[in-house]
2 protein chains.
Amino acid sequence: MSTNDTREAIMDAARLMVQANGYNALSFREVAKAVGVKSASVHYHFPTKGDLGAALARRYTEELTGYLGGLLALPDSGERWAQYYTDVFRSPLLNDNRMCMAGIMAAEHSDLPSEVRLEVNRFIDANVEWLAAVLSKRAPKADAALIQRQALAIFAAIEGAQLIARGRGDIAAFDQSVEAYRVAGLLP
Amino acid sequence: MSTNDTREAIMDAARLMVQANGYNALSFREVAKAVGVKSASVHYHFPTKGDLGAALARRYTEELTGYLGGLLALPDSGERWAQYYTDVFRSPLLNDNRMCMAGIMAAEHSDLPSEVRLEVNRFIDANVEWLAAVLSKRAPKADAALIQRQALAIFAAIEGAQLIARGRGDIAAFDQSVEAYRVAGLLP
DNA sequence: ACCTGAACACCGTTCAAGT
DNA sequence: ACCTGAACACCGTTCAAGT
């Protein structure tokens with residue numbers, strides 16, 4: 001197994017743990033066990049837990065922005081973007097009731113090393129920017145500050161729907177909340 | 001110091017820790033240090049961490065339902081309930097960027113002992129019930145299922161606004177999201 | 001009734017040592 | 001370049017022992 005494989009295996013195992021139980025529950029010894037090395041070896045690839053957490057969050061943001069960028073390029077994305085976007089936050093619930101990595105890390109905010117906090121903020125910013133871009137497409141004459149505020153609110157509301165659905169262990173709570181957002185007009 | 005005083009001191013210290021860092025970061029040794037006893041003594045009052053967590057969540061729900069019950073009795077609460085309610089979730093952010101105990105525990109869902117999970121669900125239910133009661137007052141003829149769904153969505157959206165504001169360390173994000181909910185009509 | 005010290009298996013981290 | 005064993009100070013929990 002090459003170096004890169006071990007590093008990738010560490011990130012894959014760690015990602016699942018964070019989305020299942022949060023940054024605090026991420027354990028170097030457990031990651032090592034899942035990968036088949038010793039915990040000291042995990043420290044070789046990621047010197048501190050903060051380094052690993054920040055790397056996970058950075059990759060997570062990159063994956064999402066890549067996907068969202070593709071959506072924006074679709075000719076008729078204006079019609080279906082809301083569905084595609086909410087599905088991104090629905091899918092981890094389907095996968096063993098997991099959560100958005102940034103959402104669960106936001107809850108752990110004061111426990112996070114600063115390098116991890118920074119990546120959480122970047123994830124939030126990337127989502128708000130994308131949502132604002134979509135809203136602007138749909139209403140080109142709307143006030144920029146108002147668009148920004150609505151984008152933030154949509155992101156917060158979807159994260160909240162995911163949080164509550166997870167707390168209840170009931171994905172229907174997510175669907176019902178999102179539907180109510182749509183009815184209210186918060187979500188186009 | 002009487003027995004009761006020690007028990008109360010434990011709950012007070014533990015509550016602050018959970019709202020600051022979550023259930024996972026709650027430490028018997030740290031609680032003991034804050035109270036001025038040894039960790040084994042904390043175990044005398046709360047045999048397991050799950051017992052302590054469940055007791056905290058139960059009291060938290062009781063305090064909120066007591067407060068909300070009072071609001072419902074106000075003659076003109078229909079006009080101001082939204083403001084009072086959102087302020088409940090705004091205040092912990094003001095207090096060292098803390099979070100709603102149920103919100104942060106919902107994020108830790110799969111890590112929680114079942115007795116703690118149960119109390120988290122009760123907190124959510126209590127909030128949704130109260131919101132549904134208020135919505136029914138304002139629209140007596142509305143469909144019950146629709147009211148229930150909107151109540152859940154309001155709760156989820158407010159929790160999400162708190163989560164994101166905390167993740168950013170910026171209370172303005174909470175205020176802007178809530179304002180956007182109001183503009184959209186999700187929040188009356 | 002309430003508290004404690006000591007032990008147990010965990011944790012992240014460090015570091016000298018191996019290959 | 002990559003991995004390991006051993007040590008350190010932490011953690012929740014248990015329990016016999018103190019008052």
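Residue numbers start from 1 in every chain, and the chains themselves are labelled A, B, ... in the order their sequence lines are given, proteins ahead of strands. Atoms considered below: every heavy atom in the structure, side chains included; atoms not considered: hydrogens, waters and symmetry mates.
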Minimal heavy-atom distance between B/A55 and B/M11, with the atoms involved, is O-CE, 3.5 Å
Please find the pair of heavy atoms, one from A/A153 and one from A/L186, that lie closest to each other, and give the distance. CB-CD1, 4.3 Å
Do the side-chain N and O atoms of A/Q162 and A/R166 include a donor-acceptor pair separated by under 3.5 angstrom? no
Starting from P on D/dT4, measure out to OH on A/Y44 and report it in whole angstrom. 13 Å
Report the distance from atom CZ of A/R7 to atom P of D/dC3, rounded to the nearest whole Å. 12 Å
Nucleotide by nucleotide, 5' to 3', does protein get under 4.0 Å of the base (B), only the sugar-phosphate (S), or neither (-) in nucleotides 10-16 of chain C, counting heavy atoms? -BBBBB-
For residues 115-166 of chain B, the ring pair (Phe, Tyr, Trp, His ring centres under 6.0 Å) pairs (sequence neighbours left out) are B/Y60-B/F123, B/W81-B/W130, B/Y85-B/W130
Tell me, which stems hold DNA chain C, with a stem being 3 or more Watson-Crick or G-U pairs in a row and both distances under 3.5 Å? C:4-8 with D:12-16, C:12-16 with D:4-8
Can you check nucleotides 17-19 of chain C for protein contacts, nitrogen or oxygen pairs under 3.5 Å, and list what you find?
none

If the threshold is 4.0 Å, N to carboxylate O, is there a salt bridge linking B/R122 and B/E119? yes
Please determine if A/E63 and A/R15 form a salt bridge, counting it only when a charged side-chain N lies under 4.0 Å from a carboxylate O. yes
Cation over ring, A/K49 on A/F28, under 6.0 Å and within 45°? no
Can you figure out which of D/dG5, D/dC3, C/dT4 approaches the side chain of A/T6 most closely? D/dC3
Backbone of A/M99 reached by a side-chain donor or acceptor of A/Q19 within 3.5 Å: yes
Side-chain polar contacts of residues 29-38 of chain B - donor-acceptor pairs under 3.5 angstrom, sequence neighbours left out - could you list them?
none

For residues 169-188 of chain B, pull every pair meeting side chain to side chain donor-acceptor pair (under 3.5 Å), keeping only residues two or more places apart or in separate chains. B/R90-B/D175
